[in-house]
Each structure stands twice: as C-alpha cells, then as structure tokens.
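Okay, structure first, notes after.
Order of listing sets the numbers, starting from 1, for every ligand and every atom in it.
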Amino acid sequence: MRYISTRGGSPSVSFFDTLLTGLAPDGGLYVPEGWPSLSSEQIKAAATAPYAETAAAVLRLFAGDELSDADAIGLTEEAYGGQWANPGITPLQQVGPGEYILELFHGPSLAFKDVAMQLLAGLYAHALEARNARLSIVCATSGDTGGAAVEALKGVDRIDLFVLMPKGRVSDVQRRFMTASGGDNVHALSIDGDFDTAQALVKAMFADQAFAREVALSPVNSINWARILAQSVYYVVTASALAVAGPVNFTVPSGNFGDALAGYVAKKLGAPIGRIMIATNANDGIARAFETGTYARTKASIATLSPAMDISVASNFERIIHEAVGRDGAVLKQLYDGFAQSGSLDLPGPAHDMLKAHFDAFGVDDQETRWALADCYEQTGEVLCPHTAVGWRARFGGDEVTGPRVLLATAHPAKFPETVDSVLGIMPALPRHCADLYERAEAVVDLPADLSAVKAYIRQNIGTAA
Ligand SMILES: *Cc1c(COP(=O)(O)O)cnc(C)c1O
C-alpha cells in the first residue's frame, strides 16, 4: 500500500515511511492511495475472534507487502496482551435497549490513545530494527497523548522519548503517567509555559531541519496514519458484534477528529456502520461547519472540563474533507491555502452533503457536560470521564437512527477525579493495574520555554538509556 498527500503535491511513500514521518512535504496529511476492504468472512469473524487477530487483518491491509502475516500477528499480540486490564481489550457494556458504551480505557494509561500507541511502539521497533536506525520522538502534550506515549515507548530500543508538558497545567494523574514510568529512555520535560508554548517549541524544532536530522526527530501526534488504522479496529469489532440488529451507530467524543475518522475508515473497510456523531465540547468548530458549511479556526482553544478535546483546529478534519471533495488534491490544497490565510474555509456544496451523509455533529458546553455526567449516573449507574460525558449529551436518541447505538468511552473517570467528584460526590478509584501510581518515584526536568535550552537537553540526553 502506498500513501499520498491530501494536498496532491508530494511523491507517494510506503507504509513505514508514513509511520516515521509527520506531515507530507507539501504540508498535507498522508492517506492510503485507495481503500482496501476486509472480506465479509473477516468482518463476521471479528465478532468473536481475539482482538489481536482482527487488528492483524486490518494492519495487513494497510501495510501491504511491507509486513508479513506472521509479523502482523506477532505485533498485534504484543500490543493487545496482558498489559490490558480487560482480556476483551475494548469491552462493550449494554446500558439500555439498543444502547451501549464501548470502554476504550483499560490500557496502561487509562485513555483510548493506548489502543493505538501500544501498536505503534511495536511498529516503530520493527521499522527501526529493519533500517538499523534510531529516533528521538518528541511531543508536546496537554495530557493524555504524553501518558500513552510514555507507557508504550518506555524501554523500547532505539528510541528516546521527550515529552514537553506545560508546567503546573496537567492534572496530577496525567503528570504521574509521564514522570513515574521508570523508563530510562523517557524524558519528561516540564516547560515553564502553557500548552501552546510547548507546542510552539516542538514545531520550531521540526522546522530546524539540520537539528531534526542530527537527532533523528520524529513526531508522535494524532495525524500518524498508523494511529488511525489501529483505532478503526474497535469499530470493526463492535459493529460486527452488534450488526444483527442493523447498522451500528457511534457517538465519538472528538478533538483532533482522529477517532471519528477511524470510524469512517472502518466503514470503508466494510464494517456494518450507520451514522457517526461527532461530539465536541465548547471548541465546536466542526459542529459549526456541519451547520453552516464553513470551517473556521478559533483564535485560541477554550479551556474546558474535557481538556483532551480543547483544540482550535482539528488536524485530521483535512483527511475527511479530502474524501468529501472526491480525493482531489488540487481542490483540497486550494481550500487549505485559503484556510491558512483567512482562518476559514467554505465547504463546496457536494462536499458538505457527503459529510452529512455519514456524520452528525453536536457541541456541548461545560454546564451540559456536568449535567450529562449526573444524568448518565442516574440512568445507568455508570461513572463517566468528562470527555465521555460530552458524548453522552450529544449521543443519538433511539428515534434518530435505526440500529444499535454505541458511545465511545475515551478515558477512565479516575483520570479526572476532581471533575467527577465535584459533580457526583464520588472519588473514582484508580484501577488495580495502576493503583500504585502515587507511590512511584517521579523523574522530571524543569526547563525554561527556550528553544536552545530544550535542544541542548535533547542533544545531551539521546542514547543515554542503560
Ligand atoms: C484525545 C482524546 C479525545 C479526542 O480524540 P481525537 O482523536 O483527538 O478526536 C477524546 N477523549 C479523550 C479522553 C482523549 O484523550
């Protein structure tokens, strides 16, 4: 399988090239050159097969000749093994007639990002070994991405991970997942600034091509195609398990649009999926785009109770617009050139219609998020994280769609104990597999928000793991 840029101006690359790089040179995002599909037997089997088997089938489709069947199953068995608190990996809870919650938070860092990151770690190791290379993976995080990356990449040969977090602005639980892993190759950097400052430092490092080459810099953000494909697997598994009752509809708490896009990918693979609801918080640019046909960036993201969804531009939205304009790179480039200049883009009519044929979108503010947390608890006894509560408020009603309805639960409530406690008066406990989080020793380095200081730190600390 080859990968092309959404903006049509870069040469196609291989699967492992997309894994190890970020944006395409023309500024676009890589997408597969065409859509593969699972056979109807594979889709049926996904209902009962071990999770790793379905994941391997999907991985094989997107990796093509670059990965053997044996390597694919080896990698997925490693990614979806004993480090998960539930042997089903992503178990489904029925909470009402035709209504379900898909629990994506049983991984090592208690957020759905583990599903992709656990597989990514093995893929990186595989690719680096084959190329006899090493990487410095750098990410800025406002919370969950950093923790999932640390849990997945700690102790992985040939990789140093540098996580830049805004000092004092991540929750206790989130910080500890980044600082207390015990991994020699994990470097948690507390930057004196906010998330945008940390993000700007990372961008500046990538822009310095000489530095990027010198330390073999690689990003681990949500535009990585391998993350999207890994997330499409739980849609395939869930849709297959529930499909006897009609096409399966999903509601997805959404930020960068990676997870919602994975639902569309699963649909393209042939999974019996109906509609997908994109649930946003007050950062509701996508919900507005559905209503008005204009996608606009906000000046800065609004801080909400669901911080992992606080984004001003949903990077993966570009991939679905690329689909919506019939995969025409020239049209897409024109739209995004305009977006870069003016901060907004008008969806062509047919593209807007195409989006509405697959998706709905709904924005939920903090007050409604608190209401939803309480409402779900009253109706079902389930304690949600604030991101999932956004989804609960936005979710499809039984009269809006036919077929089963599934809400994706994207984080464990114990990751956001203050919010949950303030609404429900319940302190959610950390699950057993990370109950000792507060006893583990933290290792963190304080750095000023200064590019040369961060670069110097990285230069001095690559390859120092024991
Ligand atoms: C990252 C994250 C989201 C948003 O996912 P996207 O793929 O960026 O849309 C939602 N909930 C939680 C808990 C997250 O960590």
Aromatic ring proximity, centroids under 6.0 angstrom, Phe105 and Phe112: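 So the answer is no for these two rings.
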So that I know where these two stand, are Tyr295 and Phe290 an aromatic pair - ring centroids less than 6.0 Å apart?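 For Tyr295 and Phe290, the ring centres are not under 6.0 Å apart.
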Using side chain to side chain donor-acceptor pair (under 3.5 Å) as the criterion, list what pairs up with Ser312, not counting sequence neighbours.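 Ser312 satisfies side chain to side chain donor-acceptor pair (under 3.5 Å) with no residue once adjacent residues are dropped.
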Could you work out, with ring-ring contact (aromatic ring centres under 6.0 Å, His included) as the rule, every residue matching Phe362, not counting sequence neighbours?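 ring-ring contact (aromatic ring centres under 6.0 Å, His included) list for Phe362, sorted by chain: empty.
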Judged by modelled atom types alone, do Ser301 and Asp310 share a side-chain donor-acceptor pair under 3.5 Å?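 Their side chains do not contain a donor-acceptor pair, so the 3.5 Å distance test is not met.
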Quick one: ligand 1 N/O to protein N/O pairs below 3.5 Å?
| unit_1 | atom_1 | unit_2 | atom_2 | d |
| --- | --- | --- | --- | --- |
| ligand 1 | 7 (O) | Gly258 | N | 3.3 |
| ligand 1 | 7 (O) | Asp259 | N | 2.9 |
| ligand 1 | 8 (O) | Asn256 | N | 2.8 |
| ligand 1 | 9 (O) | Gly255 | N | 2.7 |
| ligand 1 | 9 (O) | Asn256 | N | 3.3 |
| ligand 1 | 9 (O) | Phe257 | N | 3.1 |
| ligand 1 | 11 (N) | Thr410 | OG1 | 2.8 |
| ligand 1 | 15 (O) | Lys113 | NZ | 2.5 |
| ligand 1 | 15 (O) | Asp144 | OD2 | 2.7 |

Side chain to side chain donor-acceptor pair (under 3.5 Å) contacts touching residues 15-25 (sequence neighbours left out):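 Only Ser14-Asp17, Asp17-Arg131 qualify under side chain to side chain donor-acceptor pair (under 3.5 Å).
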